[in-house]
Asks: 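Below is one structure. I have some questions about it.
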Amino acid sequence: MSAKVSLAVDLNGVRFPTPVLAASGTFNAGREMAQLVDLREVGGIVTKSITLHPTRGLPVPRMAETPCGMLNAIGLQNPGVEEFLAKEAPFIASLGVPVVASVAGRSVEEFAQVTLRLREAPVVAIEANISCPNVERRNQVFACHPDMAAEVIGAMVRLSRVPVFAKLTADVTDLVAVAEACVRAGAHGLSLINTVLGMAVDVETFRPKLGGVTGGLSGPAIRPIAVRCVYQVARALPGVPIMGVGGIVTADDAAEFLLAGAWAVQVGTANFFDPHATVAVARGLERYLRRKGLGSPAELRGRLELPERVPELASRPG
Amino acid sequence: MSAKVSLAVDLNGVRFPTPVLAASGTFNAGREMAQLVDLREVGGIVTKSITLHPTRGLPVPRMAETPCGMLNAIGLQNPGVEEFLAKEAPFIASLGVPVVASVAGRSVEEFAQVTLRLREAPVVAIEANISCPNVERRNQVFACHPDMAAEVIGAMVRLSRVPVFAKLTADVTDLVAVAEACVRAGAHGLSLINTVLGMAVDVETFRPKLGGVTGGLSGPAIRPIAVRCVYQVARALPGVPIMGVGGIVTADDAAEFLLAGAWAVQVGTANFFDPHATVAVARGLERYLRRKGLGSPAELRGRLELPERVPELASRPG
Amino acid sequence: MIRARCEVLSNRRTGAYWSLTLVAPDIAEEARPGQFVEVAVPRGRDVILRRPFSIHQASRRGGWAGTLELVFEPVGPGTRWLAEVRPHDVLDVIGPLGRSFHYPREATSCLLVAGGYGAAPLHFLGEELRARNKVVHMVVGARTHERVLKPVEAKRLATSIVITTEDGTMGERGVVTDVLPAVLDRTRAQVVYACGPNPMLRAVAEYCRRRAVPCQVAVEEKMACGLGVCWSCVVPVVAADGRGWWNVRACVEGPVFNGARVWWDRWLGPARPPAEEEPLGAVEARRR
Amino acid sequence: MIRARCEVLSNRRTGAYWSLTLVAPDIAEEARPGQFVEVAVPRGRDVILRRPFSIHQASRRGGWAGTLELVFEPVGPGTRWLAEVRPHDVLDVIGPLGRSFHYPREATSCLLVAGGYGAAPLHFLGEELRARNKVVHMVVGARTHERVLKPVEAKRLATSIVITTEDGTMGERGVVTDVLPAVLDRTRAQVVYACGPNPMLRAVAEYCRRRAVPCQVAVEEKMACGLGVCWSCVVPVVAADGRGWWNVRACVEGPVFNGARVWWDRWLGPARPPAEEEPLGAVEARRR
Ligand SMILES: Cc1cc2nc3c(=O)[nH]c(=O)nc-3n(C[C@H](O)[C@H](O)[C@H](O)COP(=O)(O)OP(=O)(O)OC[C@H]3O[C@@H](n4cnc5c(N)ncnc54)[C@H](O)[C@@H]3O)c2cc1C
Ligand SMILES: Cc1cc2nc3c(=O)[nH]c(=O)nc-3n(C[C@H](O)[C@H](O)[C@H](O)COP(=O)(O)OP(=O)(O)OC[C@H]3O[C@@H](n4cnc5c(N)ncnc54)[C@H](O)[C@@H]3O)c2cc1C
Ligand SMILES: Cc1cc2nc3c(=O)[nH]c(=O)nc-3n(C[C@H](O)[C@H](O)[C@H](O)COP(=O)(O)O)c2cc1C
Ligand SMILES: Cc1cc2nc3c(=O)[nH]c(=O)nc-3n(C[C@H](O)[C@H](O)[C@H](O)COP(=O)(O)O)c2cc1C
Ligand code: FES
Ligand code: FES
């Protein structure tokens, strides 16, 4: 039971000192959090999504709290890839923590352009935030259609110096089909899941609680959805590195994802109320693995014990 | 401000004394709740889904609590339509509350058969729980494919004596497409939403927390998802009666759904911890409408005040 | 079945457990041994469902008239919150729920087998049996001595009592089933009542079945509503005529079941291959 | 920026508000007027985000050395919970956050304009200004007299003070902007500091701009993190050179802004048609 535990994980070549990363859009590029958190204890940082041009984002209110979660409609505000390379890249290089660059765009071309510019950036991987609308395809979301997802991932993989992870949304009929398309197009791994599309209304003013009207639901409320997505995809695509994201606050939450098949996890919303969440989850995971007599996160991965006959997965078993 | 408020709603001919019904699978057919609640104050009861044959359902555990919600994997346990007609139908007739019969099946044929048998039942409408797998189509879920949804709804509409509502799931790429297909096939209205597919793992035993492995997520956690679904569909299909379902606990929650475009709402999980929830929500809604100077729920419906330019709805606006 | 707002009279430790006394005259009036109540968790928390607890005492007469006593162990968010409630706090309680133990008609010698906090409803049962001039024998098992519920009261209650603890810190080292055969011989019990962890109930029920002693068990299964409307709490029970089985609600048709009618293998595993799954012949939906 | 576990010293009503005093020596040491703290809501609740509160007092010397005082109004789940905390409870607090008000170099006559609990940071500012030998005048507005924060302290603090209430229960009936022109004339204030509801800030800032009086405003916008990482709290601010604008974080680059640089119409509406949306010429991302 007192096994020597190493938290390091290797996602088929992409290595992180711990399996607990900070999720995109919840940690910026680390600069602000560095004032509170020793970043060397963070498994990795996924940057706020980077677009080709400076993006001002959506009008306020951009946040609304919901039961055990929150809605956000930021609108991908970021200073653009040039600014990122000029201001953040040098800082990142000095951090001593692996950084994953999240990329977003409104067209395959934009994704490609940003990927190209990021060849200079000191990042260990790129995460494609393809849960954005494609202006060239009637604003259909890339991640909602296997063909569109494959097209954009393929373009990025051809241009990227580092492995590309595809970040998918749960708001699809057949997640496995989208995941397969991304992997066939060359995705090194998958990040599951992005926020779930939601909405809240202020019943006093009759107005949506978000300037963007609809927004992305995150936090503990969506954890069961995210765990299910990881389980579905991990069973269908064994061997493909998966980063589990969605509602992780504690080490037990992270362990759920690893058991379901994740190779690593990302903590998002929890950073807002507990800036040390990534560190605390990693430490807790180490204690948990030791208690279970396991030497590494990899030894826990996919260890889920299923009943002899697994009932039909697709149904809402009301 | 002291308008005379009437809570009665008319869903294009299907009338309920209040817009607050009990959702399927959370109230049985009213018999048990009648010991605590004066059912004449309940807007309506949607029965537990009825299948052609007695159904034993899934192995335990069938329930797991999650942040601000719960997962269930009951497996549609019910005594079958014959038993329903023999034991529950007479009781229902005596209740003095409108009852909607929820129907489930594993094939178009089964849905049709149950619909046929229910011609004798004293129900004001049928709700088609089409979030079930179709054994004739590789267990694809009816509600996940417009063509399959249309086929089963069409068959039921042809055989039913009463209007048919299609109950849909949010776990699809294009909810509006499914909704449109159901309406074109003759659905009188829509119930949005069923539970969201989720999963939880016991990190001590490494086992899924549900005998069914995956299950349906319900409760306040999913309310933002349900409100978004109602908003999406109500804008696309004006004039089609929508029942809003998902995470409603208070009158304000119900008002959110009405503002988003629902004609009535259903309370599910809240019945478990507050058996009087349907009554309390209706009374609270009456006070709310009076305070707002509105005479009926219909006057609130769709009154959502949108910004001049509504940002692209499809994207996860991280 | 009553829903009441109940004032907390006291909430204090007793060994590893907490004893919670509520002012609940109407529920106490109706309550019978084996029944339970559902306690609501206040709004604003991240857990939303009620928590079910057996009725440990329901006082109709005397100084505690109109009160209800629950015994619980803090194991998770709900019970940890409950351990924090203070006198004068008011709880939203529904009960009494479920079916109670059946009192024997002829039988005079009764054996009560308790595991852990499963002793809670059996104390209540013991008193009701004695009030009916039955002889009450007890076997009380627990992991350690702090988990033996109110041993003094138990001894006062029972004509004979055997206590077992797994660590031997009280009574005999071992588990209840180690001593059950000898106790059955000695007491000539004509009926057995058991409450405790499900595996213990299974062992007791199967042994009693072999000895042809009627055995009633009060089971636990995860409950979302406790009211009979969600179907989450089911136990597979064999039809009275032995032909067919049905998943029966522990919160309505239970939590007390005839131990001989519970299909333990199917409920607690190991699950058998479909072929053998219906050893009882034709499927026939069983109802009560 | 410090994260500390802070013991509650006291938590009591003051008019319509609550005054919460915390032991937070490190945060108090760094705190400057206009900055705020983020208070964590305990785990297990259905609201998960921290709540931001202006620093009302940060005592470095004297009997209250090392303490921080917050003033808040119970309006929702978070603040209602906070109203329940008791002495000796421990809160998870991060601060000081954001940019503070800038002290004037030459100017000697300062006017502080407060609305509701917006007075909280201005008391702190007033003391710091006086410690720098500035003359402090105040205009304090509120809906009713209970919403005028600590009027006695305010009077002690200010060389001159005008109080307005919408219902006339204290001072003059009306709102701060009714009296602002006269007060500016009388006091010849060379700089205005304002904190209160955003519409009030807008009115004050726009009036000051017309009078060419520098005006610093401490704004509020919904905040998910308060740490600069979520981008939910943005305010549209015009570039220093007047060319272009950018959505700037209230929690990092604010909450104190130069009132003349905030693009009020875009922020608080009415939203204008896209054409006019960039009156300031070429888009140019503005950064600090
Ligand atoms: C009929 C009945 C009688 C019971 N009597 C007692 C008693 O007298 N004393 C006592 O200490 N405990 C009793 N229990 C168990 C008690 O209900 C659980 O310990 C408690 O619900 C756990 O809640 P939690 O939030 O602390 O833990 P959690 O594990 O976080 O509970 C999570 C969810 O699972 C449910 N749950 C967890 N364990 C059980 C369980 N064993 N049975 C049913 N639901 C469960 C909870 O209600 C909740 O919905 C009884 C259970 C049942 C079904
Ligand atoms: C920089 C700053 C300083 C503040 N100083 C004070 C103060 O000194 N005294 C005081 O009483 N209040 C202050 N507020 C407002 C205070 O933060 C909110 O009243 C409080 O967060 C409401 O939380 P709630 O759960 O009670 O209400 P809810 O409305 O339920 O809050 C829901 C969510 O919205 C957020 N929120 C709600 N209102 C506001 C708001 N006005 N600004 C930012 N986020 C909001 C909450 O943080 C929470 O995430 C300040 C806000 C900011 C941004
Ligand atoms: C305020 C906010 C901003 C986000 N921005 C991005 C983003 O820019 N790119 C992205 O891929 N995901 C973004 N996300 C999604 C998160 O990375 C994560 O996938 C999601 O929040 C679920 O994880 P959580 O529940 O731990 O927050 C954002 C989430 C939040 C709450
Ligand atoms: C225990 C349980 C059983 C359910 N059974 C059914 C069912 O048989 N048929 C159905 O259409 N929906 C069923 N539902 C879904 C509810 O009717 C409702 O759509 C969903 O729970 C969302 O609403 P809520 O958040 O208010 O519970 C069930 C939900 C729960 C929690
Ligand atoms: S707990 Fe809901 S039916 Fe028994
Ligand atoms: S509140 Fe998160 S960036 Fe300001």
Side-chain angles (χ1 to χ4, degrees), chain A residues 22-23 25-37 45 48 53-80 82-83 86-87 207 209-211 215 218-221 247 249-250 268-276, chain D residues 1-4 38-52 76-78 92 94-97 198 219-237 244-252 263 266-269 271 277-278 283-288:
Chain A
T26 67
F27 220 79
N28 257 6
R31 192 185 291 275
E32 295 80 2
M33 290 300 210
Q35 300 171 71
L36 281 174
V37 183
I45 297 171
K48 173 72 182 168
H53 305 294
T55 304
R56 292 206 185 86
L58 290 161
V60 295
R62 288 179 169 187
M63 182 278 288
E65 222 175 6
T66 65
C68 291
M70 63 173 277
L71 288 163
N72 86 81
I74 308 301
L76 296 176
Q77 174 165 358
N78 80 99
E82 295 309 328
E83 173 76 4
K87 295 260 170 61
R207 291 214 195 85
K209 285 188 176 178
L210 295 172
S218 65
V249 178
T250 68
T269 300
N271 294 308
F272 300 159
F273 55 86
D274 177 9
H276 297 88
Chain D
M1 190 190 305
I2 295 147
R3 181 181 187 179
E38 283 276 359
V39 179
V41 175
R43 297 281 168 93
R45 310 218 143 227
D46 61 359
V47 297
I48 59 177
L49 298 172
R50 288 172 181 262
R51 271 44 182 170
D92 172 354
I94 297 179
L97 296 166
N198 292 331
V219 306
E220 271 189 18
E221 184 50 68
K222 288 238 178 189
M223 294 185 171
C225 74
L227 306 171
V229 296
C230 78
W231 295 92
S232 64
C233 62
V234 299
V235 175
V237 169
W245 63 280
W246 188 246
N247 283 321
V248 168
R249 296 165 299 183
C251 69
V252 174
W263 186 2
R266 186 180 173 83
W267 184 29
L268 305 180
E277 223 178 31
E278 278 143 39
V283 176
E284 189 194 90
R286 168 164 175 299
R287 292 153 206 124
R288 306 199 183 195

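Here is how names work: the chains are called A, B, and so on, in the same order as the sequence lines, proteins then strands, and each is numbered from 1.
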Asks: What pairs with R249(D) under side chain to side chain donor-acceptor pair (under 3.5 Å), at least two apart in sequence or on another chain?
Replies: E32(A), E253(D)
Asks: Output the option from N271(A), L36(A), T26(A) having the highest count of non-hydrogen pairs under 4.5 Å with chain D.
Replies: L36(A)
Asks: Could you grab the distance from atom SG of C225(D) to atom CE of M63(A), nearest 0.5 Å is fine?
Replies: 9.0 Å
Asks: Is chain A contacted by the side chain of I2(D), its backbone, both, or neither, given a heavy-atom distance below 4.5 Å?
Replies: backbone
Asks: Roughly how far apart are R3(D) CZ and Q35(A) CD, rounded to 0.5 Å?
Replies: 14.5 Å
Asks: Any idea which heavy atoms bring F272(A) and A224(D) closest together, and the distance?
Replies: CB-O, 3.5 Å
Asks: Select, from V252(D), V234(D), L227(D), the one with the greatest count of heavy-atom pairs under 4.5 Å involving chain A.
Replies: V234(D)
Asks: Please round to the nearest 0.5 Å and tell me the distance separating atom OG of S232(D) and atom CG of L210(A).
Replies: 10.5 Å
Asks: To the nearest 0.5 Å, how far apart are CG in N78(A) and CH2 in W231(D)?
Replies: 8.5 Å
Asks: Would you please name every residue forming a side chain to side chain contact (heavy atoms under 4.5 Å, CB included) with I48(D), sequence neighbours left out?
Replies: E65(A), P220(A), T269(A), F273(A)
Asks: Please check if atom CZ in R207(A) has more than 12 non-hydrogen atoms from other residues, nucleotides or ligands closer than 6.0 Å.
Replies: no
Asks: Using non-hydrogen atoms only, which part of R45(D) is less than 4.5 Å away from chain A: side chain, backbone, both, or neither?
Replies: backbone
Asks: Starting at CZ of R62(A), measure out to CG of N247(D) and round the result to the nearest 0.5 Å.
Replies: 5.0 Å
Asks: Using non-hydrogen atoms and a 4.5 Å limit, figure out which bit of H276(A) sits close to chain D: side chain, backbone, both or neither.
Replies: both
